[in-house]
Amino acid sequence: MPLILRGHHLLCLKGYQGYGYDEDFVKNMSVINNLRKNENTNIVVVDKPDDICKFCPNLKNNICENQSQNKRIIKKDNEVLSKLDPKKIYNSKELFEEIDFLFNTKKVVDKICLECNWHSKCLFYQNLE
């Protein structure tokens with residue numbers, strides 16, 4: 001069964017270091033981060049709650065925090081999805097190689113990452129030029 005991941009979570013996983021909202025979230029995020037590094041893992045990309053969101057304390061009734069926040073999150077997802085094929089089932093290794101190629105400068109990712117609570121700790125974001 002493929003992992004289901006929101007568009008913007010592809011970037012989050014690139015910079016993940018073990019921070020999170022609570023212990024359950026961190027545990028789940030760590031499992032998913034390890035799975036995405038396995039070349040036998042397949043991934044479907046979406047603009048709705050995914051396998052990471054299942055353990056997020058901000059997810060209520062399939063909405064992230066509130067309607068306003070949820071719209072901002074979907075917009076971030078769609079920024080990433082606009083450069084991918086959301087109908088495709090991706091091989092994880094190939095997908096993350098494509099992410100590295102497409103999202104390789106702060107200028108490219110700022111509208112996705114700049115407002116994120118974690119961007120100051122995110123290795124992916126911090127290592128961009």
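Only a predicted model underlies this, so the values are computations on that prediction, with no experimental measurement involved.
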Report, as yes or no, whether the 6.0 Å neighbourhood of atom CD1 on I89 holds more than 12 heavy atoms from other residues, nucleotides or ligands.
-> no
Of all heavy-atom pairs linking V26 and G18, the shortest is CG1-O, 3.5 Å
Of all heavy-atom pairs between K111 and K76, which one has the smallest distance, and what is that distance?
-> O-CG, 4.4 Å
May I have the step-by-step check of side chain to side chain contact (heavy atoms under 4.5 Å, CB included) for I99 and L11, ending in yes or no?
-> CA-CA 8 Å; I99 292 298; L11 305 184; 3.6 Å; yes
So is K83 actually on top of F103's ring, under 6.0 Å and inside 45° of the axis?
-> yes
Kindly give the heavy-atom pair with the smallest separation between Y125 and C113, and that separation in Å.
-> CD1-CB, 3.7 Å
L13 and R36: which non-hydrogen atoms are nearest, and at how many Å?
-> O-NH2, 3.2 Å
Return the minimal non-hydrogen interatomic distance between P49 and L59, and the atom names on each side.
-> CG-CD1, 3.8 Å
Side-chain heavy atoms of R72 within contact of C64, under 4.5 Å = no
Check for a donor-acceptor pair, side chain of N66 on one end and backbone N or O of Q69 on the other, with a separation under 3.5 Å.
-> yes
Any ion pair linking R6 and D50 (charged N to carboxylate O, less than 4.0 Å)?
-> no
Using side chain to side chain contact (heavy atoms under 4.5 Å, CB included) as the criterion, point out the one residue from V109, V45, D47, I73 that pairs with H8.
-> I73
Where the side chain of N61 meets the backbone of I63, is there a donor-acceptor pair that is under 3.5 Å apart?
-> no
Decide yes or no for Y16 and S30: does some side-chain heavy atom of the first lie under 4.5 Å from some side-chain heavy atom of the second?
-> yes
Report the relative orientation of the aromatic rings in Y19 and W118; use parallel for angles under 30°, tilted for 30 to 60°, perpendicular for over 60°.
-> parallel
Side chain proximity check, L81 to N78, heavy atoms < 4.5 angstrom = yes
Between F55 and N28, what is the shortest heavy-atom contact and its length?
-> CD1-CG, 3.2 Å
Taking NZ, NE, NH1 and NH2 as the nitrogens, is one of them in E79 or K75 under 4.0 Å from a carboxylate oxygen of the other?
-> no
With a 4.5 Å limit on heavy-atom distance, are the side chains of L128 and V108 in contact?
-> no
